[in-house]
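Both counts, for ligands and for their atoms, begin at 1 and track the order of listing.
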Amino acid sequence: KVVAVIMVGGPTKGTRFRPLSFNTPKPLFPLAGQPMVHHPISACKRIPNLAQIFLIGFYDEKEFALYVSSISNELRVPVRYLKEDKPHGSAGGLYHFRNLIMEDSPSHIFLLNCDVCCNFPLPDMLEAHKRYGGMGTMLVVKVSAESANQFGTLVSDPVTNELLHYTEKPETFVSDLINCGVYIFTPDVFSAIEDVSNDREDRANLRRLSSIDISTSTRTNIPTDFVRLDQDILSPLSGKKQLYTYETMDYWEQIKTPGISLKCSGLYLAQFRLTSPHLLASGDGTRSATVVGDVFVHPSAKVHPTAKVIGPNVSISANVRVGPGVRLISCIILDDVELEDNAIVINSIVGWKSSLGRWSRVQADGDYNSKLGITILGESVVVEQEVVVVNSIVLPNKILNVSVQDEIIL
Ligand code: GDD
């Protein structure tokens with residue numbers, strides 16, 4: 001049997017995701033109309049002999065209850081949310097729940113970060129991992145040399161794929177091959193985490209026993225049950241024939257900002273063309289809006305037949321009303337938004353319950369990597385008629401009655 005664990009973090013993480021993380025945990029923010037965490041979860045469906053999926057985080061259970069029960073029914077695989085009382089780090093969180101994770105005596109454990117976007121080639125990783133015969137195999141990808149130092153960078157043996165060297169977010173260039181945050185382990189990983197934890201405890205005891213300067217010892221004192229997968233496990237175990245890499249040639253992104261989430265929404269919509277075309281709007285028929293490219297429209301949304309929902313990359317959530325003549329290009333429209341006649345949205349995310357008046361425009365130049373490269377309206381923002389909002393971030397509950405450009409409206 002195999003189990004999958006998805007690390008979802010908690011409310012103190014995902015701060016770069018504001019204002020969108022104010023009213024929904026980042027892992028539940030919709031990409032291509034499905035919660036972010038839904039994409040790795042549905043990829044798990046392709047793993048043979050999958051017994052359970054665990055989400056581990058320090059968000060309140062309530063936040064995940066509804067999603068977890070509906071996805072368990074849909075997949076017919078138990079999906080459980082396990083809440084940490086405090087953050088234990090990416091490996092410490094896994095270790096904390098080892099008894100539950102090992103309940104079905106799995107031979108392998110997948111471990112996935114929730115905030116990465118890729119096509120999760122999990123069955124292929126499992127095959128490769130069995131061939132390598134190590135304790136763990138990590139998905140890796142080549143990125144540009146300039147961006148590599150934002151990630152865990154590594155060197156792997158070109159013939160055996162063994163992980164030879166690993167440095168988390170290095171200050172200088174190490175390699176353009178990086179850690180994708182998708183792993184498969186044998187249960188031996190728990191002993192490796194335990195060793196780190198024990199080692200820390202021994203050192204802490206030693207410090208307590210020796211009467212040296214208390215202030216320096218407390219400064220370096222990481223709690224013994226806080227273990228980071230990257231620095232504490234991957235770095236020390238590299239070059240010891242225990243860890244291996246599996247390189248993907250397909251798309252991969254890390255979802256830390258709203259700009260990148262809009263890009264990833266488009267990547268997942270494009271993937272639906274291959275995996276779930278029934279989720280994409282067709283725009284067929286004379287009584288429906290014009291649809292071009294990959295578009296998701298929630299069944300409860302009401303789109304006027306004269307609207308021009310021009311993709312690619314438009315995602316319309318539940319209970320949205322799209323009025324006559326509205327034009328949408330590359331955007332995420334969240335639940336309960338009202339778009340009045342002839343409003344235009346381009347390269348933007350429109351927050352829950354917001355409303356755009358007649359002939360208003362909400363747009364941006366679409367540079368996903370820059371802070372104001374997409375326009376974001378927080379929850380319940382009102383854009384009055386004919387107002388134009390360009391390259392701006394608007395915090396919740398604001399009423400805009402004049403046009404703005406390149407601004408953060410607090
Ligand atoms: N449950 C729980 N508890 N989850 C956690 C905790 C924790 O204490 N700490 C982090 N996470 C989750 C985050 O939500 C995220 O999904 C994942 O674990 C990794 O988060 P970080 O440890 O903050 O690392 P990162 O996202 O900056 O970088 C990691 O991922 C990159 C790929 O996206 C590293 O592994 C990099 O090497 C890697 O390139």
Fill in: Gln254 contact mode with ligand 1 (heavy-atom cut-off under 4.0 Å)
side chain

Item to complete: Below 4.0 angstrom from a heavy atom of Phe58, which ligand 1 atoms are there? Numbered from 1 as shown, please.
Response: 3 (N), 7 (C), 8 (O)

Worksheet item: Judged by non-hydrogen atoms, does Trp252 sit under 4.0 Å from ligand 1?
Response: yes

Item to complete: Answer yes or no: is there a side-chain heavy-atom contact under 4.5 Å between Ile71 and Ile41?
Response: yes

Item to complete: Could you tell me if any non-hydrogen atom of Tyr183 lies under 4.0 Å from any atom of ligand 1?
Response: yes

Response to the item:
atom 11 (N) of ligand 1: of Gly181, Ala91, Gly9, the nearest heavy atom sits on Gly9

Worksheet, complete the sentence: So the atoms of ligand 1 within less than 4.0 Å of a heavy atom of Pro87 turn out to be 8 (O)

Worksheet item: Any idea which atoms of ligand 1 are less than 4.0 Å away from a heavy-atom of Gly57?
Response: 1 (N)

Worksheet item: Angle class for the His96/His88 ring planes (parallel below 30°, perpendicular above 60°, tilted otherwise)?
Response: parallel

Item to complete: Could you tell me whether some N/O pair between Gly152 and ligand 1 is separated by less than 3.5 angstrom?
Response: yes

Item to complete: Please identify which atoms of ligand 1 are closer than 4.0 Å to at least one heavy atom of Lys169.
Response: 25 (P), 27 (O), 28 (O)

Worksheet item: What orientation do Tyr132 and Tyr244 show, parallel under 30°, tilted 30 to 60°, or perpendicular over 60°?
Response: parallel

Worksheet item: Would Arg228 and Asp230 count as a salt bridge (Lys or Arg N to Asp or Glu O under 4.0 Å) if you check the C-alpha gap in whole Å, the side-chain angles of each, and the deciding distance to 0.1 Å?
Response: CA-CA 6 Å; Arg228 298 156 301 184; Asp230 19 56; 5.4 Å; no

Fill in: Pick from Thr153, Asp230, Leu82: the one approaching atom 34 (C) of ligand 1 most closely through a non-hydrogen atom
Asp230

Discussion item. Treating Asn391 as the side-chain partner and Asp365 as the backbone partner, does any N or O pair qualify as donor plus acceptor under 3.5 Å?
Written reply: yes

Worksheet item: Rounded to the nearest 0.5 Å, how far does NZ of Lys169 lie from CD of Gln231?
Response: 7.0 Å

Worksheet entry | Interfacing atoms of ligand 1 (cut-off 4.0 Å, heavy-atom, Lys256) | 25 (P), 26 (O), 27 (O)

Worksheet item: Could you give the distance from CD1 (Ile329) to CD1 (Ile344), rounded to the nearest 0.5 Å?
Response: 8.0 Å

Worksheet item: Which atoms form the tightest heavy-atom contact between Thr137 and Met125, and what is the distance?
Response: O-CE, 3.7 Å

Worksheet item: Does ligand 1 have an atom under 4.0 Å from some heavy atom of Gly93?
Response: no

Fill in: Per-atom contacts of ligand 1 with Val116, taking only distances under 4.0 Å to non-hydrogen atoms
33 (O)

Worksheet item: Relative to the ring of His39, is the ring of Tyr268 parallel (under 30°), tilted (30 to 60°) or perpendicular (over 60°)?
Response: parallel

Discussion item. Quick check on contacts: which atoms of ligand 1 are under 4.0 angstrom from a heavy atom of His88?
Written reply: 8 (O)

Worksheet item: Against heavy atoms of Tyr166, which atoms of ligand 1 measure under 4.0 Å?
Response: 37 (O)

